[in-house]
Amino acid sequence: MLRRFLDRLLDRAPAVTRTNDPVAALVPPTKIAGHLGDRRATNFWEPIFGPEVQMAEEPYDWDVGRDSGPTRRFCQGGLLTKKVEAGETLKIKDVTFKECDFQGPFNATAIVVFDNCRFIGCDFAYSEWTSAHFKNCGFIGTSLAMATFEKCEFRGCTWERIGVSGNKTDFVRTFIENPKAMIAAMYSGQDPSKGSSKDHACYQWYRLAGTRAHVLRNIMLSHANVGDEHVYYRTVGLHELQRNLARLGEDWYNIRYKTGSRRWKAIRGAPFHALNLALMWIFGLTNSWGESVSRPSVLFAAIYVIFGAVYAFSPFSPSVDHPWQKSFDITLLIGFTNHGTAPWPLSVVQEIHGLFAVALYTVFFSTLISKLSRTR
């Protein structure tokens with residue numbers, strides 16, 4: 001009787017939208033055995049937020065050959081694990097999952113491959129994935145918050161409006177081929193009850209920047225053990241830049257919407273955080289975030305040629321006797337003191353030359369030493 005009453009109530013209820021109709025949350029969802037939480041009804045910041053979404057009562061049986069894919073189904077990990085035979089790879093291809101909830105341990109004894117699948121409005125919270133490969137899959141309006149991926153791979157995947165939790169999304173020995181695209185697609189919605197509050201919108205914006213930094217650090221640590229070197233160093237660069245951007249975002253929010261000590265602290269800190277961002281960006285480009293030894297070597301040669309030409313062809317008075325020897329000595333810092341006494345214009349050029357040389361010297365040798373001694 002109660003179930004029929006709820007069905008009639010839902011049939012008569014007006015259509016609602018996910019972002020601006022909190023009244024829909026008053027309709028209690030049907031409780032499914034084994035299903036955890038009510039995130040779709042409460043987590044307004046998630047892309048899967050939708051109080052009107054009602055799941056089918058029975059868990060999905062993972063019969064992917066029956067149709068093009070499940071819609072609004074509860075997908076349990078244990079039921080998928082039973083489909084996998086020991087030592088064999090289970091391949092799920094060209095399946096579209098719409099507004100499905102994945103929960104439980106997906107820890108098959110072999111590899112599970114999702115090939116060219118689409119996850120639209122899906123929630124991966126409370127799921128634990130082991131040895132799952134996602135190949136050329138699309139994640140659209142999907143949340144990976146409170147999910148764990150261990151020894152998994154995401155290759156050739158596309159991302160659009162993704163929900164991720166900084167401290168509660170774990171990537172353990174998991175490879176993500178395009179972390180930049182994934183981080184750029186991260187999403188944070190606004191509380192419908194706050195309307196068009198600019199304060200709330202800015203708060204959600206700067207909090208999202210911090211979440212991106214946390215997630216990138218998790219991915220960076222994961223890539224230290226798996227994947228190729230290029231993706232690892234690229235993730236390092238993304239993390240360092242995003243970390244400083246998050247600090248600047250917090251400063252902007254405090255300056256714009258806070259008062260008292262928090263505002264003055266942000267005013268004092270913002271220039272230093274901006275300087276940190278600029279320096280990290282410049283030095284990161286110098287050695288490709290630790291990956292390249294050849295790039296600072298080429299810059300060394302460029303500095304030698306540029307300043308050698310300046311010393312040779314600029315009308316200094318008196319003229320420089322051995323311009324290329326001077327450029328060599330200062331570039332390698334082996335004879336800078338021999339050129340300490342010089343007229344004012346020439347001394348300024350030498351000091352600028354020395355600053356570039358010290359910066360490149362530091363970056364070059366630190367990169368080289370880290371490459372040669374990291375196995376120790």
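Nothing here was measured: the structure is a model prediction, and the numbers come from that model.
Thr142 contributes a side-chain N or O that, together with a main-chain N or O of Phe119, makes up a donor-acceptor pair within less than 3.5 Å. The closest donor-acceptor contact from the side chain of Ser327 to the backbone of Phe307 lies at 3.5 Å or more, if one exists at all. One N or O on the side chain of His200 and one on the backbone of Asp191 form a donor-acceptor pair closer than 3.5 Å. Remark: side-chain polar atoms of Gln204 are paired, donor with acceptor, to backbone N or O of Gly189 under 3.5 angstrom. Put simply, the side chain of Ser366 gets close to the backbone of Val363: a donor and an acceptor are under 3.5 Å apart.
Side-chain contact between Thr367 and Arg295: absent, with no pair of heavy atoms (C-beta onward) separated by less than 4.5 Å. Side chains of Lys326 and Gln350 form a contact here, defined as non-hydrogen atoms less than 4.5 Å apart. Considering only heavy atoms from C-beta on, Thr174 comes within 4.5 Å of Cys152 through its side chain. His322 is not listed as a side-chain neighbour of Phe328, based on a closest heavy-atom distance of 4.5 Å or more. The side-chain heavy atoms of Ser188 and Thr211, taken from C-beta on, include no pair separated by under 4.5 Å. Using a 4.5 Å heavy-atom threshold, the side chains of Val349 and Tyr311 count as touching. Two residues are said to be in side-chain contact when any heavy atoms from C-beta on lie closer than 4.5 Å; Glu250 and His273 fail this criterion. Looking at heavy atoms from C-beta onward, Trp289 lies out of side-chain contact with Arg234 at the 4.5 angstrom threshold.
Going from atom NE2 of His239 over to atom CZ of Arg212 covers 14.0 Å, rounded to the nearest 0.5 Å.
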* To do: Dump the intermediate steps for side-chain contact (heavy atoms from CB on, under 4.5 Å) on Leu238 and Ile219, then the final yes or no.
  => CA-CA 10 Å; Leu238 290 172; Ile219 297 174; over 6 Å; no

* Asked: Which is it for Tyr206 and Leu248 under the side-chain contact (heavy atoms from CB on, under 4.5 Å) test, yes or no, and what are the steps along the way?
  -> CA-CA 9 Å; Tyr206 104 75; Leu248 280 174; over 6 Å; no

* Could you walk me through whether Asn116 and Asn136 pass the side-chain hydrogen bond (donor to acceptor under 3.5 Å, both in side chains) test, one step at a time? => CA-CA 5 Å; Asn116 200 34; Asn136 300 323; 5.9 Å; no

* To do: Check the pair Asp123, Arg39 against salt bridge (charged side-chain N to carboxylate O under 4.0 Å, His left out), reporting the backbone distance first and the verdict last.
  => CA-CA 9 Å; Asp123 187 14; Arg39 286 165 41 81; 2.9 Å; yes

* Between Phe49 and Phe44, is a ring-ring contact (aromatic ring centres under 6.0 Å, His included) present by the stated rule, with each step listed? -> CA-CA 5 Å; Phe49 177 66; Phe44 62 84; 7.1 Å; no

* To do: Kindly determine whether Asp61 and Leu79 satisfy side-chain contact (heavy atoms from CB on, under 4.5 Å), including the steps that lead there.
  => CA-CA 7 Å; Asp61 59 4; Leu79 296 180; 5.8 Å; no

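One hydrophobic cluster, built from ILVMFWY side chains closer than 4.5 Å, holds both Phe300 and Leu368. Hydrophobic clustering keeps Val231 apart from Met182 (ILVMFWY residues linked when any side-chain heavy atoms are closer than 4.5 Å, directly or through intermediates). In the hydrophobic cluster analysis, where Ile, Leu, Val, Met, Phe, Trp and Tyr join through side-chain heavy atoms closer than 4.5 angstrom, Val305 is grouped together with Leu332. A single hydrophobic cluster is seen to contain both Phe356 and Val320, as judged by linkage of ILVMFWY side chains at heavy-atom distances under 4.5 Å, directly or through other members. Under a hydrophobic-cluster definition in which Ile, Leu, Val, Met, Phe, Trp and Tyr are linked whenever side-chain heavy atoms come within less than 4.5 Å, directly or via other members, Ile303 and Val358 are assigned to the same cluster.
Side chains of Asn254 and Arg262: a donor-acceptor N/O pair is present below 3.5 angstrom, by distance only. Side-chain contact check for Asp329 and Gln325: at least one donor-acceptor pair (N or O, by modelled atom type) lies under 3.5 Å.
Below 30°, between 30° and 60°, or above 60°: for Phe134 and Phe154 the angle between ring planes is below 30°, a parallel geometry.
Between Tyr361 and Phe365, the distance from one ring center to the other falls under 6.0 angstrom. The distance between the ring centers of His223 and Phe175 falls below 6.0 angstrom. Not less than 6.0 angstrom separates the ring centroid of Tyr203 from the ring centroid of Tyr257. Aromatic ring centroids of Phe106 and Trp129 lie under 6.0 Å apart.
Annotation for Trp324: atom CH2 counts as buried by contact number, over 12 foreign heavy atoms lying within 6.0 Å.
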